[in-house]
*Asks:* 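One structure, as structure tokens, below. Some questions next.
Quick caveat, the model's predicted, so the values are computed rather than measured.
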Amino acid sequence: PEKITDTLVTFFRERGYSVAVNRPFAGALVPLRFYRKDPRVMSVMIEINRRLYIDRNIRKKPGFTTVKQDIAAAIRKMNP
């Protein structure tokens, strides 16, 4: 839904992230038992550029904790 998309776009932009909707990927994953069966079920997929939180050797970068906290805060915002 547009309201959820707009809320999340604003949320992440306010935290300094560059945000695009449905680029380069589009859609989200929904468990089949809910897909098109329960109109209350909504889905959003958030893609985070890994360069923000891990290095080439797959070690956590200083930004790891911030990204983790921002994602958790976004989830809480959607489930008050």
*Asks:* I would like to know whether Phe64 and Leu52 meet side-chain contact (heavy atoms from CB on, under 4.5 Å); could you show each step before the answer?
*Replies:* CA-CA 7 Å; Phe64 179 87; Leu52 295 175; over 6 Å; no
*Asks:* Find the distance between CD1 (Ile75) and CG (Asn79) and round it off to the nearest 0.5 Å.
*Replies:* 8.0 Å
*Asks:* Set out, in order, the CA-CA distance, both residues' side-chain angles and the distance that settles side-chain contact (heavy atoms from CB on, under 4.5 Å) for Leu8 and Met78, then state yes or no.
*Replies:* CA-CA 9 Å; Leu8 289 171; Met78 296 294 100; 4.1 Å; yes
*Asks:* Sequence neighbours excluded, which residues qualify as ring pair (Phe, Tyr, Trp, His ring centres under 6.0 Å) partners of Phe11?
*Replies:* none
*Asks:* Would you sort out whether Arg59 and Ile54 count as a side-chain contact (heavy atoms from CB on, under 4.5 Å), showing the intermediate values?
*Replies:* CA-CA 5 Å; Arg59 288 189 295 249; Ile54 59 174; over 6 Å; no
*Asks:* Quick check on the hydrophobic clustering: are Leu29 and Val44 connected, directly or via other members, by side-chain heavy-atom contacts under 4.5 Å?
*Replies:* no
*Asks:* For the hydrophobic clusters of this structure (ILVMFWY residues joined by side-chain heavy atoms under 4.5 Å, transitively), does one cluster hold both Ile4 and Ile71?
*Replies:* yes
*Asks:* Take atom NZ of Lys61 as the centre, draw a 6.0 Å sphere, and report whether it contains more than 12 heavy atoms from other residues, nucleotides or ligands.
*Replies:* yes
*Asks:* Restricting to non-hydrogen atoms, name the atom on Pro1 and the atom on Met42 that form the minimum distance, rounded to 0.1 Å.
*Replies:* CG-SD, 3.2 Å
*Asks:* Kindly give the heavy-atom pair with the smallest separation between Tyr17 and Asp70, and that separation in Å.
*Replies:* OH-OD2, 2.7 Å
*Asks:* Name all pairs fulfilling the side chain to side chain donor-acceptor pair (under 3.5 Å) condition that reach into residues 36-51, sequence neighbours left out, sorted by first residue then second.
*Replies:* Asp38-Arg40, Asn49-Arg51
*Asks:* Sub-3.5 Å donor-acceptor pair from the side chain of Arg13 to the main-chain atoms of Val19, do we have one?
*Replies:* yes
*Asks:* Got Val41 and Tyr35 here, is their nearest side-chain heavy-atom distance under 4.5 Å?
*Replies:* no
*Asks:* Could you give the distance from OH (Tyr53) to CD1 (Ile48), rounded to the nearest 0.5 Å?
*Replies:* 7.5 Å
*Asks:* Using the side chain to side chain contact (heavy atoms under 4.5 Å, CB included) criterion, which residues pair with Pro24? Sequence neighbours excluded.
*Replies:* none
